[in-house]
**Q** 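Following this message is one structure expressed as structure tokens.
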Amino acid sequence: MARLRTAAGFALAVVPFLALCSTAFDYVPLWDARIYADCILHAAHHGTFPTNYSCADHPTHAYALLLSLPLQFGSTSYVGMIVVDLLLGLVALWAFWDLARLAFPETAQDSALLVACLGMMPVLVAGTLNVNPDYGVMVCLLLLLRALLRESLLGVQLAGLALVFCKETGLLLLGLAVGLHALLFALRTPEQRARWREWLPRYAAAFTGLPLLVLWFLHKPKDPAAQGSLWLGNSLGGLLKLVFRVDLFDPVFVAQLMSMFLLQFAWIPTLFALTRWLPRLWTLRRRWPLPSSAALYLQLCFAGVVFVFTRYPTFINPRYFLPAWPLLLLCAWAALSTFRPLVRRGALLVMAVAFLAGNFRSIDPVSRAIWGTFPFGDHELYELTSFTGECCGRSRDQLVYNLEHVELHRLQDRLYAVAPPSRLMPLVANEMADWYFVGFLSPTQKQRTLDPSALLFHTVPPLQLMRLPQSHRPARILYVKFPNLRDQDSELQALTRFYQPRETVRVEHDGYALEALVMEKR
């Protein structure tokens, strides 16, 4: 009976996650998610394993293979990929739930509430809807941590193998998880070292995929323009500089830390975690060495993940940090588990309400204060590029932190239904709109689709259009003002030398708006 109640509690805890994701089953991905979706679709229909399952120059074979399964019979629907991501999300929530019960058995009865909070985290929901290998890394890391703490040889082997074939960061996190586990549970005391041979098969099993990863790296096609691998184009010295670089005032480093600890109400679990970290640090010398425990292991893993993710200066795309946030919640739970039940459950309720609201609106006051916002119809989104000045526009993939970016897909569908672009009226937009923003359009429904047999539209940058001879310029154009791009007013002003506005087309949905101009050649 107790097992039945426990299972029912977990089932209820994942309902919000499933409900939130189901609100965007009509979504066709934008930006980087579109790259991965196209790759998986091509691999399922025309590719072979493992050759065509390496997407964006990453070792994504395990993740791409799973997501390709619903497409193997000719389907081009993105819903199939979302369903697989949903199932992987449920697996991740189950592993997270078991980790919480294992590390904090005294609060096992409330662990389902913690699972509900993780399932409602806006960045997790957005990451589920946008296929990406970082999501696979998160799932496999949680499975690996659980298998190590449960001492499951097969679980360690399978999770380790899948982890390294999601993305390069998987190998780094595999070494981190196994290394910390060995230091805490196999090497610290004479009694542990006497059992070293019992742990060795599990640790070796975790690295089953390493020889295969080396073979892939040595034999994969070399693309000088590719930017996929973490180590690509770096000498050994360059890699060491990356690993050990210390620049506390580097804007990218600061932005990475703020993303993991503060973005989209992440500051709430961070505050709870600090109530445990700060007293522990203050009394560390008197209580050293700390006893080995699952709770300490998970908190050290979080510290290691933060270190790993701040080694590589790159874009502040929230999906990069997906493996960090479940561990941050477990760190918060380490503090909350010492509170009285009423206080603990009240804190979880506060987190749940904040996370739920954050899925639909960018209302986190801390994020708004740090990054600022830009208007999207009657609403505002975080301008996550403002702190580092990185590509592209006011934000592109950086917007995949909640469900609001889905409106950029929905409004495009409404716009193209009213004013469909064509060869006679091409779509013109800022040059930053050309990164998998539009894609294929259904020739009958005039909606965005993954189907490669549909019409393919590339946005034409105004500068490129104006450089054409007069006789080569189209008679009409559709200029789209995307809300997340900059410098569009100056572009329009320059375009009026060659084109005059004839009609303004504005589409709206739930307070979000997208505007376009139909312009004719002068």
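Numbers here are sequence positions counted from 1. Predicted, not measured: the structure shown is a model, and the values here were computed from it.
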**Q** Find the distance between CZ (F307) and CG (L176) and round it off to the nearest 0.5 Å.
**A**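 Answer for the CZ-CG pair, F307 versus L176, is 10.0 Å.
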**Q** Step through it carefully: locate the ring centre of F437, locate the ring centre of W31, and say whether they are under 6.0 Å apart.
**A** yes
**Q** Does F302 have its ring centroid less than 6.0 Å away from the ring centroid of F261?
**A** yes
**Q** Would you say CD of Q470 has more than 12 non-hydrogen atoms from neighbouring residues, nucleotides or ligands within 6.0 angstrom?
**A**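 Yes, enclosed.
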**Q** Under a 3.5 Å distance rule, please check whether K521 uses its side chain to pair with a backbone N or O of R473 as donor and acceptor.
**A**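 Yes.
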**Q** Looking only at non-hydrogen atoms, find the nearest pair between A255 and W371 and report the distance.
**A** O-CZ2, 4.4 Å
**Q** Considering only NZ, NE, NH1 and NH2 on the basic side and carboxylate oxygens on the acidic side, decide whether R486 and E491 come within less than 4.0 Å.
**A**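 No, this pair does not count.
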**Q** When you measure from the side chain of Q493 to the backbone of D489, do you find a donor-acceptor pair of N or O atoms at a distance under 3.5 Å?
**A** no
**Q** Could you measure the distance from the NE2 atom of H61 to the SG atom of C166? Nearest 0.5 Å is fine.
**A**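 H61 NE2 to C166 SG: 11.5 Å, rounded to 0.5 Å.
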**Q** Honestly, is R34 close enough over Y36, meaning NZ or CZ under 6.0 Å from the six-membered ring centre and within 45° of the axis?
**A** no
**Q** Checking T504 against E515 for the side chain to side chain contact (heavy atoms under 4.5 Å, CB included) test, could you report, in this order, the C-alpha distance in whole Å, the side-chain angles of both residues, the deciding distance, and whether it holds?
**A** CA-CA 7 Å; T504 299; E515 193 172 279; 3.8 Å; yes
**Q** With rounding to the nearest 0.5 angstrom, report the CG to OG1 distance, D250 to T388.
**A**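 The CG atom of D250 sits 9.5 Å away from the OG1 atom of T388.
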**Q** Nearest 0.5 angstrom please: L263 CG to L384 CG, how far?
**A**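 The CG atom of L384 is 6.0 Å from CG of L263, to the nearest 0.5 Å.
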**Q** Please check this pair: side chain of S386 against backbone of E383, looking for a donor-acceptor N/O pair closer than 3.5 Å.
**A** yes
**Q** Could you verify whether a donor N or O on one side chain and an acceptor N or O on the other, from S68 and Q72, lie under 3.5 Å apart?
**A**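 Yes - a donor-acceptor pair under 3.5 Å links their side chains.
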**Q** Can Q412 and L30 be said to form a side chain to side chain contact (heavy atoms under 4.5 Å, CB included), step by step?
**A** CA-CA 11 Å; Q412 282 193 74; L30 305 159; 3.8 Å; yes
**Q** Is there a side-chain contact between E503 and V505 (heavy atoms, below 4.5 Å)?
**A** yes
**Q** Verify, without hydrogens or angle tests, whether Q488 (side chain) and F482 (backbone) share a donor-acceptor contact under 3.5 angstrom.
**A**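 Side chain of Q488 to backbone of F482, a donor-acceptor pair under 3.5 Å: yes, one is there.
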**Q** Carefully, step by step, assess I82 and V131 under the rule side chain to side chain contact (heavy atoms under 4.5 Å, CB included).
**A** CA-CA 7 Å; I82 294 179; V131 297; 5.9 Å; no
**Q** Are E508 and R414 close enough for a salt bridge, meaning some N to O gap below 4.0 Å?
**A**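 No, E508 and R414 are not salt-bridged.
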**Q** List the atom of A324, the atom of F309, and the distance in Å for their closest heavy-atom pair.
**A**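 Looking at all heavy atoms of both residues, the closest pair is N-CE1, 4.3 Å.
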**Q** Assess, by modelled atom type and distance only, whether the side chains of S453 and D451 contain a donor and an acceptor separated by less than 3.5 Å.
**A**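 Short answer, yes.
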**Q** Under a plain distance cut-off of 3.5 Å, with no hydrogens placed, do E390 and Q398 share a side-chain donor-acceptor pair?
**A** yes
**Q** Can you find a heavy atom in the side chain of L492 that is under 4.5 Å from one in the side chain of L517?
**A**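 With C-beta onward as the side chain, the pair touches.
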**Q** Shortest non-hydrogen contact from N52 to C39?
**A** O-SG, 4.1 Å
**Q** Just wondering, do M425 and V518 contact through their side chains at under 4.5 Å, heavy atoms?
**A**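 Touching, per the 4.5 Å side-chain cut-off.
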**Q** Are L86 and L18 side-chain neighbours, meaning at least one heavy-atom pair lies under 4.5 Å?
**A**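 With C-beta onward as the side chain, the pair touches.
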**Q** Pick one: which of N130, N484, D397 meets side chain to side chain donor-acceptor pair (under 3.5 Å) with H405?
**A** N130
**Q** Should L322 and N132 be marked as a side chain to side chain contact (heavy atoms under 4.5 Å, CB included) after you check the CA-CA gap, both sets of side-chain angles, and the distance that decides it?
**A** CA-CA 10 Å; L322 279 170; N132 67 92; 4.0 Å; yes
**Q** When you look at CZ of F387, are more than 12 heavy atoms from neighbouring residues, nucleotides or ligands closer to it than 6.0 Å?
**A**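 Yes - once you tally the heavy atoms of other residues, nucleotides and ligands closer than 6.0 Å, there are more than 12.
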**Q** Does a side-chain heavy-atom distance below 4.5 Å link P326 with L142?
**A**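 The answer is yes; the side chains approach within 4.5 Å.
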**Q** Can you see which heavy atom on T385 is nearest to which on C392, and at what distance?
**A** CG2-N, 4.0 Å
**Q** Between R448 (side chain only) and V438 (backbone N and O only), is there a donor and an acceptor less than 3.5 Å apart?
**A** yes
**Q** Are any non-hydrogen side-chain atoms of H45 and T76 less than 4.5 angstrom apart?
**A** yes
**Q** Going by atom types only, do H379 and E404 share a side-chain donor-acceptor pair under 3.5 Å?
**A**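 Not at all, the side chains of H379 and E404 share no donor-acceptor pair under 3.5 Å.
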**Q** Under 4.0 Å between a side-chain nitrogen and a carboxylate oxygen: does that hold for R410 and D510?
**A** no
**Q** Does any non-hydrogen side-chain atom of V28 lie less than 4.5 Å from one of T449?
**A** no
**Q** Which residue in the set Y382, Y401, W325 passes side chain to side chain donor-acceptor pair (under 3.5 Å) when paired with Q264?
**A**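 For Q264, the side chain to side chain donor-acceptor pair (under 3.5 Å) check succeeds only for Y382.
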**Q** Can the ring centroids of H58 and Y63 be said to lie less than 6.0 angstrom from one another?
**A**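 H58 vs Y63: aromatic centres not under 6.0 Å.
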**Q** Under 3.5 Å, is there a donor-acceptor pair between the Y499 and E520 side chains?
**A** no
**Q** For the backbone of F265 and the side chain of D364, can you confirm whether one donor and one acceptor N or O come within less than 3.5 Å of each other?
**A**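 Yes; at least one donor-acceptor contact below 3.5 Å.
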**Q** Please tell me if the side chains of P426 and P474 come closer than 4.5 Å, counting only heavy atoms from C-beta onward.
**A** yes
**Q** Tell me, yes or no, whether the heavy-atom count around R522 atom CZ, taken from other residues, nucleotides or ligands under 6.0 Å, exceeds 12.
**A** yes
**Q** Minimum heavy-atom separation for L71 and S77, please, with both atom names.
**A** CD2-O, 3.6 Å
**Q** For a quick check under 3.5 Å, do Q256 and Y320 share a side-chain donor-acceptor pair by atom type?
**A**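 Y320 and Q256 do not have a side-chain donor-acceptor pair below 3.5 Å.
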**Q** Taking V305 as the fixed residue, which of T169, T310, L327 is the one that meets the side chain to side chain contact (heavy atoms under 4.5 Å, CB included) rule?
**A**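 It is L327, the one option of T169, T310, L327 that forms the side chain to side chain contact (heavy atoms under 4.5 Å, CB included) with V305.
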**Q** H42 vs H46 aromatic rings, parallel, tilted or perpendicular, using cut-offs 30° and 60°?
**A**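 Correct class here is tilted.
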**Q** Enter the distance from L87:CG to L69:CG here, rounded to the nearest 0.5 Å.
**A** 10.5 Å
**Q** Looking at R394 and D487, does any basic side-chain N land under 4.0 Å from a carboxylate oxygen?
**A**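 No, this pair does not count.
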**Q** Only one of N402, L403, T23 clears side chain to side chain contact (heavy atoms under 4.5 Å, CB included) with V125; which?
**A**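 Of the listed residues N402, L403, T23, the side chain to side chain contact (heavy atoms under 4.5 Å, CB included) partner of V125 is L403.
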**Q** So which heavy atom on W267 is nearest to which on L262, and how close?
**A**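 Smallest heavy-atom distance, with atoms named: CD1-O, 3.3 Å.
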**Q** Roughly how far apart are R319 CZ and Y135 OH, rounded to 0.5 Å?
**A** 14.0 Å
**Q** How would you list, by chain and number, every residue that makes a side-chain contact (heavy atoms from CB on, under 4.5 Å) with T444, sequence neighbours excluded?
**A** S442
